[in-house]
Structure formats: structure tokens, C-alpha cells
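Written out below as C-alpha cells is the structure these notes cover.
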Amino acid sequence: MKFDHDHLRALAAVVREGSFERAAGALHVTPSAISQRIKALEDRSGRLLVQRTVPARATADGQVLVQLAEQMAVLEHDAMLRLGMPEDEGTQASIPVAVNHDSLETWFVDAAVRFAARSRITLDLQSEDQDHTAALLRNGSVLGAVTTLAEPVQGCRIHALGSMRYVATCSPAFRERYFSGGVNARTLANAPVLVFNRKDGLQARFARRIMGSEPWQPPVWWVPSSRAFVMATLDGLGWTMNPLPMIQDELASGRLQPLRARAWEDVPLFWQHWRLNSQAMQALTDSVLAAAGALVRKR
């Protein structure tokens with residue numbers, strides 16, 4: 001069975017853009033044309049490929065074909081580049097990549113800049129918790145991911161990047177108010193903590209080192225922004241695990257203070273990407289590895 005290239009591109013656009021209408025705009029066709037292409041692809045495969053939700057999502061079968069479409073777009077770009085042929089309007093390739101929030105806020109933009117100097121392909125960056133980016137690789141939503149998963153996803157290559165160091169910090173005023181008697185199970189239970197979202201387990205892991213088997217149910221501020229995390233910590237809303245690259249100046253000046261000695265945790269990161277014999281993917285991998293020099297390396 002062979003799949004029509006335009007039909008696959010339409011499917012990938014619907015899933016990427018989240019609706020038939022936005023996919024039509026991205027491909028410079030009518031929503032009716034998108035609908036007809038998706039229907040033809042579903043008829044040919046004999047499977048439902050798109051959940052008509054808001055936003056639209058690929059089914060498990062649809063994810064397989066989205067991955068195929070994304071890989072074909074990158075390989076087609078490589079071929080046209082080697083042939084010296086320009087890409088048609090609306091068909092420019094963009095590599096979908098999942099990056100954890102803190103890497104995106106610190107070192108990964110440098111990887112994107114390095115990649116832009118070597119390729120005309122853009123990146124479709126999707127921000128996700130580092131413990132969950134690998135799931136986007138598995139379901140075909142992205143072709144590459146910065147992840148904590150040390151085992152390669154089936155069909156992927158893996159490269160160790162180093163570790164993001166997180167430091168448990170608070171403002172001097174916060175320390176005086178909540179930790180004047182030291183950082184222990186009692187004070188940690190009462191001190192407000194900043195947490196990124198429900199997937200963020202860094203603060204809980206650090207607290208368990210001190211709490212032991214004691215229950216930990218502190219007041220929680222939910223703050224889904226890496227930079228807002230730093231500002232909220234500086235302003236004394238709570239303590240939290242901040243990425244070291246974002247707070248080095250504040251630690252040096254004393255505006256933020258570690259909760260205690262060795263109040264840090266290193267989170268190993270890995271770059272995983274689908275096995276593609278692609279110049280663009282190789283250029284992206286080289287760029288990611290070079291930019292990851294900002295991470296902590298074990299000696």
C-alpha cells in the first residue's frame with residue numbers, strides 16, 4: 001500500500017496546527033481540501049486517523065502516519081538541497097522537537113542558533129517536562145527530544161548531554177521567616193514551595209531526602225514558568241529547585257541562598273532522535289551536542 005504525499009502532509013498539518021482550518025492556512029489550500037485529503041487517507045488505510053476534538057489529535061494509527069510524514073518532509077528537504085532546487089511555497093520543512101522547559105529557557109536556544117547557521121529548516125519546538133518528552137518521541141509527535149530517559153526509544157539514537165543542576169533556594173527574608181531554626185522535617189512541612197506543574201517532582205524528591213517517611217503536604221504555589229519561578233523565589237513566595245544557569249548571578253550576590261549545604265540535584269539529560277539518514281538531523285544533533293556544553297559534566 002502506498003500513501004499519497006499530499007494526504008500525509010495534510011494529516012501532519014492538522015495534528016501540528018490543531019485544526020483543519022489552521023492546517024488549510026499552513027498549506028495554502030481550503031479547509032474542504034484538507035478534509036477531503038484526510039478522508040481519502042482514512043479510506044485508504046481503513047482506519048480512523050484524526051480525533052475531531054479541539055484541538056484535533058491523531059489516533060494511535062494516525063501517529064504512525066504523522067511520524068512518516070514528518071520524516072519524509074526532512075528527507076525531501078535534504079534531497080532538494082543536494083539538487084539545488086528551491087522548496088515550493090508552503091512545503092518548507094520544520095523538524096518537531098520536544099524540549100524540557102528549563103533547557104528551552106537556558107541553553108537550547110543556542111542549539112537552535114547553531115542549527116540555523118547550517119540549515120534552512122526551522123524547528124517546531126514543543127515545551128514539555130523532561131520526564132515526559134520521550135512519550136512524544138514514541139507516539140511520533142516529534143522527531144527529536146531532550147529527555148531524562150537513558151534507554152533509547154525503539155528506532156532512535158541516543159546521546160548523553162550532561163546534567164541540568166537544580167539548586168534548592170530561597171530569598172534571605174524567606175529563610176529568616178521559615179528556616180531560622182534550620183531546614184528539617186518540621187520547617188519544610190510549613191514552608192510554602194513553588195512547583196511548576198503536576199508533573200514536576202523535583203521539589204518532592206529533595207524534600208524526601210530530609211523528610212524521610214514523614215508526610216510532606218506544604219502550601220504550594222503553582223507557577224508554570226521557569227523565569228517566573230526565579231522572580232517568585234526572589235520575591236519570597238516560596239522555596240524551590242531553580243536551574244543553576246538561571247540563578248548563578250543571584251546566588252553570587254546573595255539575593256538567593258541555598259537551603260542547606262549540597263542543596264542541589266543533578267538531572268541527567270539525553271538527546272534522542274529518530275534514525276534518519278539526514279543531513280539536517282545530523283546538523284541538528286551536532287548543534288545540540290555543542291550547545292549542551294553549558295550543562296554539568298561528571299568528572
Side-chain angles (χ1 to χ4, degrees), residues 1-20 22-29 33-53 55-83 85 87-99 115 119-126 128 133-147 149 152-158 271-285:
M1 177 185 294
K2 293 184 178 180
F3 296 107
D4 185 280
H5 192 155
D6 287 338
H7 295 173
L8 290 172
R9 285 179 52 225
L11 174 64
V14 167
V15 174
R16 182 173 59 250
E17 302 296 333
S19 76
F20 283 57
R22 287 197 293 272
L27 296 182
H28 305 285
V29 297
I34 293 292
S35 182
Q36 291 172 16
R37 292 175 187 181
I38 298 299
K39 184 178 184 304
L41 191 57
E42 290 181 329
D43 288 345
R44 180 150 184 78
S45 64
R47 293 169 170 82
L48 180 68
L49 302 176
V50 179
Q51 296 176 350
R52 272 70 169 177
T53 54
R57 293 185 176 89
T59 64
D61 291 324
Q63 289 167 353
V64 174
L65 295 185
V66 168
Q67 179 187 322
L68 174 62
E70 299 288 12
Q71 291 180 352
M72 287 176 60
V74 173
L75 294 174
E76 182 180 50
H77 171 87
D78 280 356
M80 296 184 73
L81 185 64
R82 289 197 293 269
L83 292 171
M85 299 172 61
E87 291 181 290
D88 296 332
E89 183 180 2
T91 65
Q92 290 81 4
S94 186
I95 300 177
V97 174
V99 185
F115 177 62
S119 175
R120 291 181 298 178
I121 293 183
T122 60
L123 300 181
D124 180 358
L125 296 177
Q126 302 179 33
E128 179 57 277
T133 51
L136 298 177
L137 266 180
R138 289 193 186 96
N139 67 26
S141 297
V142 299
L143 297 184
V146 177
T147 175
L149 185 65
V153 172
Q154 185 175 4
C156 290
R157 293 189 175 96
I158 185 170
W271 169 244
Q272 295 208 38
H273 61 89
W274 284 95
R275 294 177 181 271
L276 290 177
N277 186 20
S278 161
Q279 292 180 355
M281 185 59 76
Q282 185 60 56
L284 177 56
T285 296

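Position 1 is the first residue of the sequence, and the numbers go up from there. Values below: all heavy atoms of this structure, side chains included; hydrogens, waters and symmetry mates excluded.
Here the straight-line distance linking atom OG1 of T147 with atom CD1 of I158 works out to 7.5 Å at 0.5 Å rounding. Between the CG atom of L143 and the CG atom of L136 there is a distance of 11.5 Å, given to the nearest 0.5 Å. Here the OG atom belonging to S94 is positioned 6.5 Å from the CG atom belonging to L123, to the nearest 0.5 angstrom. Atom-to-atom distance recorded for R157:CZ and R275:CZ is 5.0 Å, nearest 0.5 angstrom. Atoms CG and CE, from L75 and M281 in turn, are 9.0 Å apart once rounded to the nearest 0.5 Å. Separating the CD atom in Q71 from the CH2 atom in W274 is a distance of 7.0 Å, to the nearest 0.5 Å.
With sequence neighbours excluded, the residues that form a side chain to side chain donor-acceptor pair (under 3.5 Å) with Q36 are S32. Considering only residues two or more places apart in sequence or on other chains, D124 meets the salt bridge (charged side-chain N to carboxylate O under 4.0 Å, His left out) condition with none of them. Here Q63 pairs with A58, N139 under the side-chain contact (heavy atoms from CB on, under 4.5 Å) rule; sequence neighbours left out. Partners of W271 according to the side chain to side chain donor-acceptor pair (under 3.5 Å) rule, which considers only residues two or more places apart in sequence or in another chain, are T285. In terms of the side chain to side chain donor-acceptor pair (under 3.5 Å) criterion, residue partners of Q282 (sequence neighbours excluded) are, by chain and number, D286. Every side-chain contact (heavy atoms from CB on, under 4.5 Å) that L68 has, sequence neighbours left out, goes to F3, L8, L65, M72. For R57, there are no salt bridge (charged side-chain N to carboxylate O under 4.0 Å, His left out) partners, not counting sequence neighbours. For the salt bridge (charged side-chain N to carboxylate O under 4.0 Å, His left out) test, no residue two or more places apart in sequence or in another chain qualifies with D4. In this structure E42 satisfies the side chain to side chain donor-acceptor pair (under 3.5 Å) test together with R52, sequence neighbours excluded.
Listed for the T59 side chain is a donor-acceptor partner under 3.5 Å among the backbone atoms of L48. At least one donor-acceptor pair under 3.5 Å links the side chain of S45 to the backbone N or O of L41. Side-chain N or O atoms of T133 include none that pairs as donor or acceptor with a backbone N or O of E128 at under 3.5 Å. In this structure, Q272 contributes its side chain and L149 its backbone to a donor-acceptor pair below 3.5 Å.
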Acceptor/donor pairs from residues 10-20 side chains to any protein atom, 3.5 angstrom cut, sequence neighbours excluded:
{"unit_1": "R16", "atom_1": "NH1", "unit_2": "E70", "atom_2": "OE2", "d": "3.4"}
{"unit_1": "S19", "atom_1": "OG", "unit_2": "R22", "atom_2": "N", "d": "3.0"}

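The environment of CG in D43 is crowded: more than 12 heavy-atom neighbours from other residues, nucleotides or ligands sit within 6.0 Å.
Pairs passing the salt bridge (charged side-chain N to carboxylate O under 4.0 Å, His left out) check and including a residue from residues 135-145, sequence neighbours excluded, do not occur.
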